[in-house]
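Below is one structure, written out as C-alpha cells; comments come after it.
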Amino acid sequence: MSRYKNGSGGLMENFQGGASVAAPASSRYEMRFAGSGSEYFKIWIVNLALTIVTLGIFSAWAKVRSRRYFLGNTFVAGHSFDYHGDPKRILLGRIIALALLLGYTLSANFGGPKVVAVWIVVFVVALPWLVKSSFRFNARNTSYRNVRFDFHGGYGGAFWAFVAWPVFTVLSLLTLLPLAHRARDYYNINNHSFSSKSFEAEISGGALYAIYLQALGMIAGAIIVAVLIFSVSGAMAVLASGSLKPGQTPQFGVAPMVFMAGAIFLYFAIFLFASAFIQAKTFNLAVSSSRLDGKLQLEANLSPFAMLWLIVSNLIVVLLTLGLMYPWARIRQTRYITERLAITGPANLNGYTSTAASQSGAIGEEVAGFFDIDFGL
Amino acid sequence: LPVAGHYFQPGLANFNAASLETSDDGEILIVRDGAGTVLAQAPRRQVQATSRLGNVRRRLDFPKAGRFETDDNDGADILLRQNGGFLHRLEQSWRMVLASVMAAGAAAAWFAFYGVPIAAGWLASHTPPGVSAYLTSQTLETLDGRLLHPTKLKPAEQRHFGALFAQMASHETRGQGGYRLLLRNAPLIGPNAFALPDGTIVLTDQLAALVMKDDEIRGVFGHEIAHVNRGHVLQRIYQAAMVPAAVAFVTGDATQVGHIATVTPGVLLQSVYSRGFEQQADDDSAKVMRGMSSDPAALGDLLLRLDRKLCGAENGCEPGWLSSHPLSADRAARLRKAR
C-alpha cells in the first residue's frame, strides 16, 4: 500500500524512498475517476425514492451524497477530493429557491408584464450575489488532502463578469463574446485558492477569438454546403421530370430526396459539433492557462469529437430509458472529462496549511443551482 | 484488527501512514503510527465519521486532533460499529433498489395524475374573488385594442346572443348576475370563445358567424360557464407553477443531460390536464342543456364545422397528445351520447 507511505513529500509521494531520490524538475499527475455507473445508479435511485417519500426534504442530503460520491472518486496523485457541505444549509437554500420560483410563476401569471419587469430587476441585482455565494460555498466545502479550497470573489467582480460583460456582448453584436467568456473565467479561476496559494489564469485573447472564429467558419461552411446540396438536388429534380411547364411542381425522385435529407442531417451535425468544439476548446484553453501558486501547471485536453459523441449518445440513451440511465450517463461524462485533466510541476504540497474556512451560506449556492444557471467551467 | 490508513495533522496536507484500532472494550478509537506511537485517540461517540458511500474513502475526524482516512470501509464499519449505516444498506440491496424504482415511478404518477389536480383544484376554490376580478381586468386590458376589437355584429344579433346567454346563465349555479358576456371582433384569434376567472365570457364575431342553430351557441356558453364554475383558468395557473417547481426540486442537480428530459414531461402533462378540463366542461354543458330540454349534441356539430373551416378536416389540427383540446370528432361523439 504505497499510498499509505509517509507523505512528507507532498505530491511527490509517488517517488518511494523519498530522501535519496533527487526531485525531478517536473512531474506530471493525471487525474483519475473511479466512480462506477452501477454503484452510482443505486445511490441515485435510493436518493430519488427517499426524496419523494420525504416530500423533497431529503433532496439536500441526496445532493451531498451525490457530490461526495463524485469528488470522493476523483483522484490526483493518489488522493481523492472530499465534499463537506452541510445538508441543513442546503435545504434552507432550496426552500428559499422554491419559494422564489413559485412566487415568480404565480405573480407573473397574476400580475402581467409590469410584475415580470420587477422580477427581472430583482434577478439582475441578485445574480452576482448568487454566483459569488455559490462559488464560495462550493470552494469552501471542497477539500483535498485535508486542506480546503476557498473563493475570494466579491459582488462587484461578479456584477462585472456576469451582468456588465453580457450587456457589452449584446451591444457589440456578439463581437466581444470571447472577451466576455474570458471575464467569466477570470472571475472564476483567479478568485479560487487552495490553502493560502491562489490560482492564476492568463488566457490569450487571440487564442480565444481563434476558437470562436473556427466555430463560426464551420457554421458558415455548413450553411453553404446545405444550400449547395439543396440547389443541386432541386436541379436534379427538375432534370428528372423533364422541362418544367409554368405552374407545374417538380416531381421529386428518390436520389434528390436522399440528398436533401443528408444535407439537413449534415447541417445539424456540424452545428452541434461547432458547439461541442467551443465547449471543449475553451475549457482546454482556460484550464491549461491556469496555475496554482505559480508552480503547478494545470492542463486539460478534451477532444471536441469525443464531447459531441458523449453529449449525443448520453441524450439518446437517457431519453430511451425514460431517465433510468441518467446516472450512467453522468458517470460516463465525468470520467471522460476528469481523465483528460492533469497537473504538472515540481509539486510540493507539504506544509500547505489550511486557512480556517468559516461556513459561508449555502443559500446562494442553492438558489443558483435551482434555477439551473450554467456558469461554464 | 487494526485498519490501515493515513493520518493528517490538524489542517495540514502532510500525513503519516497510520492504523486505527480500538481499546479492549471497543469504546475508544486509537490512531497509531508504524512505530506504535499514539497519534490521536477519543471515545467512539466523539469521533465524527463520514457515512459509508460506495467505495469512497472513509474520513474520521478526531476532536481537537487530526483526521484519519482509510479505504477499508468494512474494517472501519467494524471499529465504528456502524454496519454501514441505513442508507448504505439500502444502496447495497438490489431488491431495495428495485423497490425504489417502482416507488419513485408510482409516486411520480400519483403526483402527476392526482396530486397536482387535487392541489390546484383546492387552491382555485380558495382563491379570493378579488384576485379573480383583478386577473380578469389585467387580461382584458392586455387583449383589448391589440387582439380584441369592438364587435361588428348588428345590434339585433347582439341582443339575440345576449338573451341566449342570460337564459343559459339563469340555469347555472351563480345565476344570471354571476356571468357576463363580451362580444368582440378578433380577426387574429379567429373563431373562438373563452372564459375569464371572474365569470366574464368572451365570444368572437368569427365564431358567432359560424353558428347556425341557437342550441349550438347555448352549448358554447354552457361549456365556457363550466370553465368558470370549476375555476379552470386559476387551476391552470397553479398547475403551471407546481409542475416545474416539483420537477426542479426532485432533479435539483440535473444539468445538461437532464435538461431536455426534465422539461418534456411537464409540457406533456399540461396538455393532459387541459384536455381533462375540456371534457369536464363539455359534460357539464350537456347536463345543463338536458335540464332545459335543449340538444347537447348541437355543440358537437359546431365543433366539427369549426374544424372543417380551420383545417379542412375533422381530426383537429395538431397531434392529439400535444393539443390542449380533445379531438373534435371524439367530443362530438361524446356529446351525442349525452343526449
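Just so it is clear, the structure is predicted and the values come from calculations on it, not from any experiment. Letters A, B, ... mirror the listed sequences (proteins, then strands); counts begin at 1.
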Notebook entry, point to check: Are the side chain of A/Arg68 and the backbone of B/Ser51 linked by a donor-acceptor contact shorter than 3.5 Å?
Noted result: yes
Item checked: Close side-chain approach of A/Leu71 to B/Val56, heavy-atom, < 4.5 Å -> no
Checklist line | Close side-chain approach of A/Phe41 and B/Glu91, heavy atoms under 4.5 Å | finding: no
Check: So, are A/Arg145 and B/Glu69 salt-bridged, with charged N and O less than 4.0 Å apart?
Finding: no
Checklist line | Pair listing, side chain to side chain donor-acceptor pair (under 3.5 Å) test, anchored in residues 118-127 of chain B, at least two apart | finding: B/Thr127-B/Tyr238
Check: Is there any residue in residues 92-117 of chain B with a non-hydrogen atom under 4.5 Å from a non-hydrogen atom of chain A, and which ones are they?
Finding: B/Gln92, B/Trp94, B/Val97, B/Ser100, B/Val101, B/Ala104, B/Ala107
Next item on the list: Can you run down the side chain to side chain donor-acceptor pair (under 3.5 Å) pairs that involve residues 130-140 of chain B, sequence neighbours left out, and say none if there aren't any?
Entry: B/Tyr134-B/Gln138, B/Thr136-B/Asp198
Item checked: Residue pair A/Ser143 / B/Arg67, side-chain heavy-atom distance below 4.5 Å -> yes
Note to self: Using every non-hydrogen atom in the two residues, find where B/Arg52 and A/Arg65 come nearest and quote the distance to one decimal.
What the structure shows: O-NH2, 3.2 Å
Notebook entry, point to check: So, do A/Asn146 and B/Phe15 sit near enough that their side-chain heavy atoms are less than 4.5 Å apart?
Noted result: no
Check: Non-hydrogen atoms of chain B under 4.5 Å away: do they reach the side chain of A/Leu310, the backbone, both or neither?
Finding: neither
Note to self: Quick check for you: among B/Leu135, B/Asp33, B/Val131, which has the greatest number of heavy-atom pairs under 4.5 Å with chain A?
What the structure shows: B/Leu135
Note to self: Among residues at least two apart in sequence or on other chains, which ones pass ring pair (Phe, Tyr, Trp, His ring centres under 6.0 Å) with A/Trp309?
What the structure shows: none
Next item on the list: Starting at CG of B/Leu53, measure out to CZ of A/Arg67 and round the result to the nearest 0.5 Å.
Entry: 14.0 Å
Item checked: Heavy-atom pair of closest approach, residues A/Gly78 and B/Arg57 -> O-NH2, 3.4 Å
Check: Which value, rounded to the nearest 0.5 Å, describes the distance between B/Asn55 atom CG and A/Asn73 atom CG?
Finding: 7.5 Å
Notebook entry, point to check: Just how far is it from atom NZ of A/Lys42 to atom CG of B/Leu87, taken to the nearest 0.5 Å?
Noted result: 14.0 Å
